[in-house]
Amino acid sequence: MAPRVVVVSLASDFGCQVQLTNMEDDLLDVLGLMDLTYWQLASSGHMPDAYDVAIIEGAVTTTEHVELLKDVRSKAAAVVAIGTCAVTGGIPALANTAGLETRYATVYGGGVAVAPGRIAPAPIDSIIDVDYHVPGCPIDTAEFLRGLSRVLQGLSDHMPDQMMCASCKVSENACFLEVGTVCLGLVTRAGCKAKCPSLGRPCTGCRGIAPDANLASAREVFARYGCDPASLASSLLVYNTAAEVTA
Amino acid sequence: MDTIMRGTHVSGAVPESTVNPYRPWPARITSIMDLTPQEKLFELRLIDSDAREAFDFSAGQFVELSVFGVGEAPISISSAPSKQGFIELCVRNAGDVTGALHRKQCGDIVGLRGPFGRGFPFEEMKGHDVLLVAGGLGIAPLKSLINHIHDDRHDFGKVTILYGAKKPDEVLFRYQFDMWQHRDDFDLMLTVDQPDDTWEGEVGLVTRLFDKIDVDPENTYGAICGPPVMYKYVIAEMRKKAMDVDRIYVSFERRMKCGIGKCGHCGVGHQYACVDGPVFNYWEAMNLQEAI
Amino acid sequence: MADLTVEHVARIEGHGNISVSVENGVVSSIRMDVVEPARFFESMVVGRRFDEAPLITSRICGICSPNHAVTSIKAIESALGVEVSERTKLLRKLLVYGSYLQNHATHLYVFAAPDFVGLPSVFPLAATHPDIVARALKIKKLGNELCNLVGGRSVHPVTAVIGGFTAEPDPRKLEAFREMLLDIAPDAVSTVELFASFEVPAFDTAGEMLALSSTDDYAIYEGEIAALDAGWRRPVSDYREVITESIVGHSNAKHTMVAGMPIIVGALPRLNINAGSLSAAGRDALAKAGLTMPSRNPFHTHLAQAVELVDAAERCAGYIGRLLEMGGSSAPVPFKIQAGEGAGATEAPRGTLYHGYGIDDDGFITRGDVITPTAQNLANLDADMRAFAPTIADRPRDEFILLIEQLVRAYDPCMSCAVH
Amino acid sequence: MFFRVIAKDRLPDLVRGLSTEFEVVGPVAKGEKFVLAPIEDPASLRLDYDTTVLPPKKWFFPPEETIMRFRVADNEVVDDEVYAPPRVLFGLHPCDVNSLLLMDNVFFGKYVDPYYRARRENTLIVGVSCTPSDTCFCNAWGTDETHWGFDIFLSDIGDSYFASIRSVKGAELVDRHVESRDITDEDTRLFQERTAAFKAAFSNDVDTSQLPLLLDAKFDSPIWEAFGEKCLACGACSMVCPTCYCFDVHDELEADQQHGRRVRTWDSCQFKEFAAVAHGQNFRDTRASRVKYRYYHKQWGYLSKFERVLCVGCGRCARACKANINPVRVVEALQTGVVD
Ligand SMILES: Cc1cc2nc3c(=O)[nH]c(=O)nc-3n(C[C@H](O)[C@H](O)[C@H](O)COP(=O)(O)OP(=O)(O)OC[C@H]3O[C@@H](n4cnc5c(N)ncnc54)[C@H](O)[C@@H]3O)c2cc1C
Ligand code: SF4
Ligand code: SF4
Ligand code: SF4
């Protein structure tokens with residue numbers, strides 16, 4: 001029987017779900033492999049009570065999200081976190097760099113608590129066990145398909161642990177650091193084939209800090225190449241606030 | 001004038017006979033036996049009869065087992081070379097490939113490449129006593145050697161087998177050992193770390209068993225396979241018994257992606273476990289950095 | 001009929017609930033509750049480096065991320081006094097249109113069409129009307145590929161930066177793309193015909209219609225703010241004076257007004273204000289659509305989007321032709337980091353999008369402000385629902401809900417954009 | 001060997017001529033750097049290049065390669081062909097020509113890698129002399145010269161190239177496509193003069209004495225910890241290295257989950273999971289152990305089999321490594337016992 005799949009979204013920009021719809025060439029094949037029982041973005045209807053796979057996009061930002069996740073975990077055999085918001089807390093978690101109260105005041109003025117139940121943004125992992133991770137802001141459709149294939153086959157999670165520089169070299173890019181431009185590739189999780197550096201833009205770290213990253217050495221490298229060492233930690237915050245950057 | 005490599009052969013400038021060493025041969029699972037909750041014994045038969053006949057190995061060698069869509073894993077051959085037409089693999093469900101294999105049924109087809117690597121020096125061991133020490137799953141390659149010795153039993157002197165497992169229900173090939181334990185041409189001793197109510201045998205690490213055996217140092221070959229931590233201690237015991245360093249053989253497990261000395265993953269010191277090993281004699285191993 | 005709530009209205013972007021109160025058989029109140037949790041983008045950019053603003057704020061919305069990125073870049077450029085090349089402008093227009101093609105196709109076929117054929121989603125259509133689904137995917141894919149080609153990625157483009165582009169598409173690919181754009185023109189026309197065949201309720205909105213307008217192009221990248229009824233035009237830099245925001249209890253998105261009036265932005269106002277700038281094919285499409293301009297019926301947004309698809313295909317092919325001929329560079333122009341205030345606006349698929357920033361001497365952001373199309377539409381959507389609901393109050397409950405949902409979807413709202 | 005002299009201004013004839021029979025690949029500019037890419041116009045060929053970001057290995061052993069296609073249902077290979085178009089690598093420096101000879105030792109041998117072989121046997125090599133840059137140290141290994149491994153080698157002698165011709169094919173191609181003449185004593189004198197100047201131009205002087213032995217003797221030296229602390233574990237060094245050949249293999253399924261391909265990709269011993277096996281055991285868990293292994297393998301592991309070190313002194317790793325770890329520094333540290 002085809003696995004019953006739900007697509008759930010927490011706090012995000014829906015970009016990863018848009019990427020799911022952007023698999024135009026493979027979409028019908030993929031839909032043929034599963035029983036897509038709930039996808040709010042694309043279909044009317046409500047979350048069913050039973051399903052096998054939950055694909056979750058977005059960071060946890062409310063108590064409602066926490067409850068929802070616990071419920072999902074109790075029902076789904078496999079939980080798949082897609083996108084950096086879900087995997088590291090991503091940009092929603094950037095809100096953590098200051099108290100939520102001050103943020104309310106800046107945006108809504110007068111300290112009106114417009115959204116009761118708002119909590120400090122966090123990755124899904126911090127609330128429930130996650131079986132599969134597909135990082136990226138947004139996810140890369142090919143990487144998602146590879147991940148989905150692993151889910152369907154019941155294989156292990158396979159998030160790359162390496163840093164970006166190797167793939168950057170494979171793409172034969174000149175290194176930004178050599179011209180004193182901050183690039184986060186040397187501590188960022190690989191897997192996108194160094195897309196940004198290959199398009200002339202330094203890595204902004206959207207896949208999160210790699211678990212094997214050597215942040216201390218990266219700081220020294222920044223200094224040696226004329227980049228402000230403090231900019232390493234500050235730039236990393238954009239996607240890693242919830243990951244406690246200690247660079 | 002383009003040269004296109006076709007099928008398993010390379011045409012044009014390249015000699016016809018070149019087979020693609022990465023291409024697995026289809027093999028049918030002819031029997032599956034549950035050994036423990038984590039290990040199963042698979043009997044496989046290469047479907048192509050030429051490949052089957054050409055498949056000639058020695059105890060200690062391994063194959064690359066392939067489940068397409070999942071990947072490959074190096075697995076020691078557990079059956080004796082004297083058993084023709086079939087090979088046995090004793091496989092622990094340790095991850096993706098081994099897990100996928102565990103989900104297969106009798107009659108299913110998997111892929112095999114090999115045999116690869118250097119096995120135990122069977123011919124050289126002939127005429128001598130043999131002391132085999134296995135820990136856990138390390139019994140898998142040693143079983144091939146034991147079975148081979150069994151088939152040529154008169155060529156060997158005393159054969160002693162020491163085998164340690166964590167728990168009684170993790171003892172592999174119990175059915176065979178039960179049989180051997182009652183034979184006088186094999187000295188078989190089993191021990192477990194964590195006994196349960198049913199266990200009547202020895203308790204403790206496999207090294208404990210050394211107190212109970214006599215070794216003729218001038219005339220004994222040793223063979224060891226087990227988890228990486230085990231080697232140092234077992235070798236120390238063998239050295240205490242004054243066995244020669246170059247008559248002790250060890251088999252190493254390392255990560256492998258090709259099995260044929262190219263992918264680089266299985267480096268042990270300056271050697272590769274896949275082509276220079278997995279069986280090394282201890283003198284060689286002593287000269288390999290990070291080996292033991 | 002009793003009180004009711006439609007939770008998490010489907011086939012819209014983000015989370016919104018419709019709540020209806022009924023007293024003595026009459027709808028006493030109806031409104032869109034925007035329950036999307038507060039997101040704080042305007043405060044999160046404060047203290048960040050100026051060039052991080054487009055990166056961060058484009059994460060407001062994954063559907064129209066190219067628009068957020070380009071609008072944010074324009075606002076920063078206006079604060080720093082950066083003048084970009086004509087080539088850069090053309091490429092940016094292509095990027096914005098890439099997002100039009102993909103958004104309009106998604107909205108029309110995936111979000112809106114199921115309503116008119118009585119289906120819960122587009123998926124069953126794949127079996128019954130494979131040609132229609134194929135057409136939808138084709139247009140949508142072309143939009144994505146246009147974004148990929150120009151921006152390197154369809155969601156959160158990579159190459160568009162302050163001052164220009166970090167990489168440019170290969171001319172051969174551009175050339176090939178021009179052919180592909182001309183190739184989808186018939187599909188765009190069929191889309192107009194399809195939506196012209198759907199029956200929509202007769203209903204007029206009272207809101208003021210706003211869109212960017214310009215004399216030399218169908219305004220999506222530059223222009224002044226124009227008001228349809230009041231007839232005024234104001235520069236984008238005045239947007240804060242023109243548009244006032246207020247906090248309402250039932251929505252985490254702020255509501256906006258112009259001169260005390262609710263407003264409506266999007267494809268319909270754009271067409272009402274700028275029909276004169278349509279391409280030849282666009283004008284034909286408008287005629288096929290059977291719309292008389294100006295139209296005040298929000299349900300005509302679908303048709304207006306379809307007409308824009310036809311216009312976009314022809315227009316983009318023209319832009320590519322110019323890019324191939326003109327030469328010049330889109331490489332980021334050099335600029336000085338200095339204190340300043342700046343605003344930028346573009347027409348996103350759903351309507352006018354404003355970004356405004358303050359920057360200090362060292363290039364750090366001191367103030368961030370974003371007004372999204374949906375945030376502008378919400379007050380008018382509430383007003384429309386209040387006006388529309390009584391006219392259909394006699395319908396069976398399910399039909400009532402469906403019609404209200406259809407009105408909501410006609411606005412093509414993006415709740416996550418609205419709460420940013 | 002057999003020699004000809006080719007005037008520099010005639011060289012485009014050779015490139016154009018070769019293009020009629022082969023795909024010609026050579027150094028071209030990419031921004032401030034150079035890469036080996038197909039040459040459409042001889043004018044884009046930059047024989048004055050210092051080094052390329054990626055070495056020639058990518059034309060024989062690509063960074064990502066489908067080695068076979070399979071069907072899941074019956075676990076059957078449906079295709080393991082490799083398409084190897086006739087190609088010329090035009091303008092390789094001696095280090096890179098030598099690197100291919102070192103690669104051959106790995107990919108040929110008892111088990112022949114058919115993918116590498118198909119490309120190798122369909123590729124002609126045209127070498128060109130170079131000027132050492134500050135990162136070059138091929139002189140340390142003797143890989144600054146090459147005596148085989150090429151079809152044609154062009155040594156710059158001013159207005160002309162002193163062309164050494166090694167293969168029949170090379171001779172035929174020179175005959176067919178470019179005007180050339182016999183060498184004179186003057187040409188040979190110039191050739192010797194240029195060679196002497198080249199040898200004198202190296203700025204690196206690496207003491208390689210007793211290197212394998214030192215690697216063993218200093219296996220537990222604190223220098224490795226020091227390098228381990230710096231290493232970013234990024235693997236850039238291995239990617240750009242013309243002699244690093246390690247690879248990973250994985251399977252990928254198509255969207256229908258019924259068909260798939262087995263893919264091999266470049267790998268690096270600097271990656272943490274390189275030596276990890278099941279059950280969480282990792283034989284090289286620390287960065288220090290991995291940096292050490294890279295050098296241990298290159299200067300001793302390979303040498304134990306093929307009597308050469310697995311480095312040609314091209315200096316690419318020195319350029320790529322942001323942590324400033326490279327053979328010159330490592331060998332120095334081994335000799336002195338300290339990391340400067
Ligand atoms: C020479 C040799 C003989 C072996 N004999 C046996 C045997 O008889 N029975 C048995 O059950 N196991 C044996 N192993 C171990 C077995 O190969 C691993 O358990 C298996 O590779 C795990 O793969 P997996 O895909 O199931 O696990 P995963 O953890 O999912 O492995 C992922 C990848 O890691 C690599 N890998 C992980 N563990 C190992 C490992 N131990 N060795 C090499 N590569 C690894 C593989 O490349 C694999 O593709 C042997 C290993 C070697 C080297
Ligand atoms: S630091 Fe950035 S530019 Fe440099 S090699 Fe790494 S990813 Fe590439
Ligand atoms: S180790 Fe460095 S210098 Fe030596 S061949 Fe490799 S890249 Fe070149
Ligand atoms: S030695 Fe340098 S290039 Fe190699 S992995 Fe370490 S930091 Fe990266």
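Being a predicted model, the structure only gives us computed values, none of them experimental. Quick note on labels: first sequence line is chain A, next is B, and so on, each numbered from 1.
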(Q) Can you tell me which of T52(D), V240(D), L54(D), L253(D) forms the most heavy-atom pairs within a distance under 4.5 Å of chain A? (A) L54(D)
Q: Using atom types as modelled and distance alone, determine if a side-chain donor or acceptor of D26(A) lies under 3.5 Å from a backbone N or O of A255(D).
A: no
Q: Quick one: pull up OG in S167(A) and CE in M239(D) and give me the separation to the nearest 0.5 Å.
A: 8.5 Å
Q: Using non-hydrogen atoms and a 4.5 Å limit, figure out which bit of L148(A) sits close to chain D: side chain, backbone, both or neither.
A: neither
Q: For chain A, find which of G235(D), S268(D), G31(D), A323(D) contributes the most heavy-atom pairs closer than 4.5 angstrom.
A: A323(D)
Q: Select one option (side chain, backbone, both, neither) describing which atoms of R319(D) are under 4.5 Å from chain A's heavy atoms.
A: backbone
**Q.** Check ion pair R150(A)-E252(D) (N to O, under 4.0 angstrom)
**A.** no
(Q) Determine whether a donor-acceptor pair (N or O, by modelled atom type, separation under 3.5 Å) exists between the side chain of D212(A) and the backbone of F271(D). (A) no
(Q) Under 4.0 Å between a side-chain nitrogen and a carboxylate oxygen: does that hold for E178(A) and K322(D)? (A) yes
Q.
Out of M163(A), Q153(A), M23(A), return the one with the most heavy atom pairs under 4.5 angstrom to chain D.
A. M163(A)
Q: Check whether S156(A) gets within reach of chain D through its side chain, its backbone, both or neither, counting any heavy atom under 4.5 Å.
A: neither
**Q.** E172(A) (side chain) donor-acceptor with V35(D) (main chain) under 3.5 angstrom
**A.** no
Q: With a 4.5 angstrom heavy-atom cut-off, could you sort out which part of C237(D) is near chain A: side chain, backbone, both or neither?
A: neither
Q.
Let's test your reading of the structure: which of A210(A), G32(A), S149(A) forms the most heavy-atom pairs below 4.5 Å with chain D?
A. S149(A)
